[in-house]
Each structure stands twice: as structure tokens, then as C-alpha cells.
Amino acid sequence: MLHLRSLLFNVFFYLWTLFLMIIILPALAWPSDRPILFIGLVWGRGNLWALRVICGLKVEWRGMEKIPDGPILVAAKHQSAWETFAFFLPFRRPAYVYKRQLAYVPLFGWLIWKAKQIPVDRGRKGEALASITVGAKRAAAIGRQVMIFPEGTRRAVDAPPDYKFGVTHLYRALGLPCQPVALNSGMFWSRKAFTRRPGTVLVEFLDPIPPGLPPAEFSAKLEADIEAATNRLIAESRARGEGE
């Protein structure tokens with residue numbers, strides 16, 4: 001049943017994604033990016049609904065009251081594709097730092113361009129920092145949440161942390177509060193597995209880090225806070241016998 005439910009969800013996920021991309025295409029001619037961001041919210045809600053109904057996978061949001069108002073830098077643990085759509089719920093105007101290669105995907109690439117997301121070319125590190133800084137400043141100037149996964153890619157549960165300099169660079173360049181986010185989504189939807197396991201994804205919004213800390217102090221605190229909370233959430237789900 002686990003594999004059958006996972007198959008049914010995967011079919012839903014791709015059909016739902018394709019359907020929404022097609023119906024929102026006229027928004028490419030709209031002067032604002034708001035219709036596409038609204039569809040992002042619909043996309044996230046639909047996927048979370050399907051995970052709950054088909055796979056028995058729920059979500060528990062913790063600490064949402066800690067999220068500062070206005071533009072912020074969001075630094076989140078990245079274990080799964082789950083957070084790419086689920087974060088449209090707590091963050092209604094996100095500007096994700098994403099791999100530039102995604103811009104070449106038909107339909108999807110056009111929409112993320114129109115939604116003013118922030119591309120990064122990982123193969124050109126010097127230019128990459130400059131380009132994401134420009135995009136992040138533009139997003140922050142209109143009140144959006146700049147979203148970055150500090151490790152740059154999905155990491156397996158229990159994998160040693162591998163935080164990149166990009167998040168520290170943005171923290172220093174933007175001068176905004178940083179909202180750390182811990183989660184354990186990889187226990188239920190891992191980066192290479194076909195199955196979507198039942199249980200409850202735990203997401204915790206930690207105490208924001210105020211702007212102005214020295215880069216080394218910020219980097220150490222961000223990693224320590226996210227990793228400690230992530231390990232605690234993983235241990236909690238394991239104690240319940242959930243996931244993996």
C-alpha cells in the first residue's frame with residue numbers, strides 16, 4: 001500500500017503541477033507577479049492536501065509567530081522537494097535563490113522568471129554572489145522574503161552539515177533579520193526515494209537572528225541553531241516510530 005499510495009501521489013503531483021502551469025500562462029503578460037505567487041500558494045496547498053489524504057503525511061508548523069514582518073532573509077534546512085512548495089504557506093511572497101538551469105525548463109522556467117525569483121549560476125562562483133545580491137536586494141526592496149537553502153542542495157537525514165558562504169554573504173549584504181528554519185521532511189520524502197511515508201513533517205521557525213552580527217559569528221550561530229533543532233525534530237519523529 002505504501003508504494004501504491006506513493007504512486008498515486010506522484011501522478012497527482014505532476015498532473016497538478018502541469019495543470020496549474022498551463023492555466024497561469026496568461027499571467028506572463030500581467031504587469032505584476034502576484035498572480036503567479038498566488039498560484040504558488042494554490043500549488044502548495046494542493047500538494048499538502050494530497051499528501052495528507054493519499055499518503056497520510058501531515059505537517060506541523062511551530063513558531064510561526066516568530067517570523068518578522070516585512071522583508072527578511074529565510075535560511076532553511078533542505079532535505080526534500082517538500083519544502084519547495086510547502087513554504088508558500090508561511091511565506092506568501094517568497095523569492096527563492098534557485099539554480100539557473102531551472103530557468104530553461106519549458107513553462108516552469110518562464111513562470112519562475114516572471115515571479116522574479118533569484119537565479120544563481122553555481123559554475124561561476126565570483127559572478128554568482130554578485131548576481132544573487134542584486135536579485136535579493138530587488139526582492140527585499142519590495143517587501144519580499146528572500147529564501148535560501150544554506151547548504152545549496154538537498155541533504156540526507158543525518159548527513160553532516162555543509163553550509164555554504166552564500167547565506168552569510170546575503171546576510172551581510174542585505175542587512176535584514178535572518179529567519180532560521182529547521183525541519184525533518186527527509187524522513188518522509190527523501191531526495192532519492194520513490195516512497196512518501198505517512199507521519200507528520202515537523203517544521204520549526206527558530207528565533208530570528210538580528211542584522212549586524214560579524215559574518216563568522218552569524219555563520220556559526222545559524223548552523224548551530226538549525227542543526228540542533230533539526231536533530232531534535234528528527235529524534236522526536238523517531239521516538240514516535242515515524243518516517244524512514
Side-chain angles (χ1 to χ4, degrees), residues 6 10 13 44 47-48 51 55 57 59-63 73-91 94-102 117-123 125 128-129 132 136 145-171 178-207 209 215-216 218-240 242-244:
S6 299
N10 287 341
F13 175 81
N47 288 329
L48 291 178
L51 282 171
C55 301
L57 180 58
V59 57
E60 181 179 334
W61 307 100
R62 298 177 178 178
L73 174 64
V74 179
K77 190 71 176 175
H78 193 20
Q79 295 181 339
S80 170
W82 182 92
E83 44 267 24
T84 60
F85 59 77
F87 280 173
F88 275 97
L89 275 71
F91 303 108
Y96 282 89
V97 175
Y98 72 94
K99 294 183 295 185
R100 183 178 295 275
Q101 292 88 332
L102 293 176
Q117 305 300 289
I118 305 168
V120 57
D121 187 346
R122 294 177 179 173
K125 294 185 179 179
L129 290 178
I132 64 173
Q145 302 91 27
V146 177
M147 312 282 294
I148 187 169
F149 299 121
E151 294 170 283
T153 189
R154 291 171 292 174
R155 300 285 290 172
V157 173
D158 296 327
D162 184 23
Y163 285 60
K164 311 299 185 184
F165 179 69
V167 64
T168 301
H169 172 80
L170 282 182
Y171 171 79
C178 178
Q179 176 63 69
V181 186
L183 48 78
N184 66 354
S185 58
M187 299 184 68
F188 307 93
W189 180 338
S190 66
R191 58 181 185 153
K192 294 182 179 180
F194 170 81
T195 54
R196 312 288 179 250
R197 297 184 178 278
T200 302
V201 174
L202 303 177
V203 182
E204 185 169 348
F205 302 93
L206 309 176
D207 291 331
I209 301 175
F218 164 77
S219 179
K221 178 173 177 55
L222 178 72
E223 180 174 335
D225 288 356
I226 292 179
E227 291 304 309
T230 295
N231 291 337
R232 174 167 43 79
L233 298 177
I234 290 171
E236 181 177 336
S237 288
R238 283 175 172 160
R240 298 177 183 175
E242 292 185 347
E244 300 182 328

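We're numbering straight along the sequence, starting at 1. Values in this document were obtained by computation on a predicted structure and should not be read as measured data.
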At their closest point, which heavy atom of [X] faces which heavy atom of [Y], and how far apart are they?
X      : Y      : answer
Ala86  : Leu48  : CB-CD2, 4.2 Å
Gly166 : Ile148 : C-CD1, 4.2 Å
Gly186 : Val157 : C-CG2, 3.5 Å
Thr230 : Gln79  : CG2-NE2, 3.8 Å
Ile226 : Pro180 : CG1-CB, 3.8 Å
Asn184 : Leu202 : OD1-N, 2.9 Å

*Describe, in one word, how the ring planes of Trp61 and Phe205 are oriented to each other, choosing from parallel (under 30°), tilted (30 to 60°) and perpendicular (over 60°).*
parallel

Return the set of residues passing side chain to side chain donor-acceptor pair (under 3.5 Å) with [X] (not counting sequence neighbours), or none when no residue passes.
X      : result
Asn47  : none
Asn231 : none
Glu242 : none

*For Ser80 and Trp189, indicate whether the former's side chain and the latter's backbone hold a donor-acceptor pair under 3.5 Å.*
yes

*Is there a donor-acceptor pair under 3.5 Å between the side chain of Gln117 and the backbone N or O of Val97?*
no

Could you check whether any side-chain heavy atom of [X] comes within less than 4.5 Å of a side-chain heavy atom of [Y], counting everything from C-beta outward?
X      : Y      : value
Pro150 : Leu222 : yes
Thr84  : Tyr98  : no
Val181 : Glu83  : no
Val74  : Phe87  : no
Arg155 : Pro161 : no

As an exercise, state the distance from [atom1] of [X] to [atom2] of [Y], rounded to the nearest 0.5 Å.
X      : Y      : atom1 : atom2 : answer
Leu129 : Leu170 : CG    : CG    : 8.0 Å
Gln179 : Leu206 : CD    : CG    : 7.0 Å
Lys77  : Glu223 : NZ    : CD    : 8.0 Å
Glu60  : Leu233 : CD    : CG    : 9.0 Å
Met147 : Leu73  : CE    : CG    : 9.5 Å
Leu51  : Ser6   : CG    : OG    : 9.5 Å

Qualifying residues under side chain to side chain contact (heavy atoms under 4.5 Å, CB included), relative to [X], sequence neighbours excluded:
X      : value
Ala95  : Ile118, Ala139, Arg144
Ala224 : none
Pro198 : Leu2
Ala193 : Ser190, Thr195

_Pairwise salt bridge (Lys or Arg N to Asp or Glu O under 4.0 Å) hits with a residue in residues 181-201, at least two apart_ = none

*Tell me, please, which residues at least two apart from Phe188 pass ring-ring contact (aromatic ring centres under 6.0 Å, His included).*
none

_Qualifying ring-ring contact (aromatic ring centres under 6.0 Å, His included) pairs with a residue from residues 146-171, counting only residues at least two apart or across chains_ = His78-Phe149, Tyr171-Phe218

*asked:* Glu204: which residues meet the salt bridge (charged side-chain N to carboxylate O under 4.0 Å, His left out) condition with it, sequence neighbours left out?
replied: Arg232

*Who pairs with Glu244 by salt bridge (charged side-chain N to carboxylate O under 4.0 Å, His left out), at least two apart in sequence or on another chain?*
Arg238

_I want to know whether Tyr96 and Phe91 have ring centres closer than 6.0 Å._
no

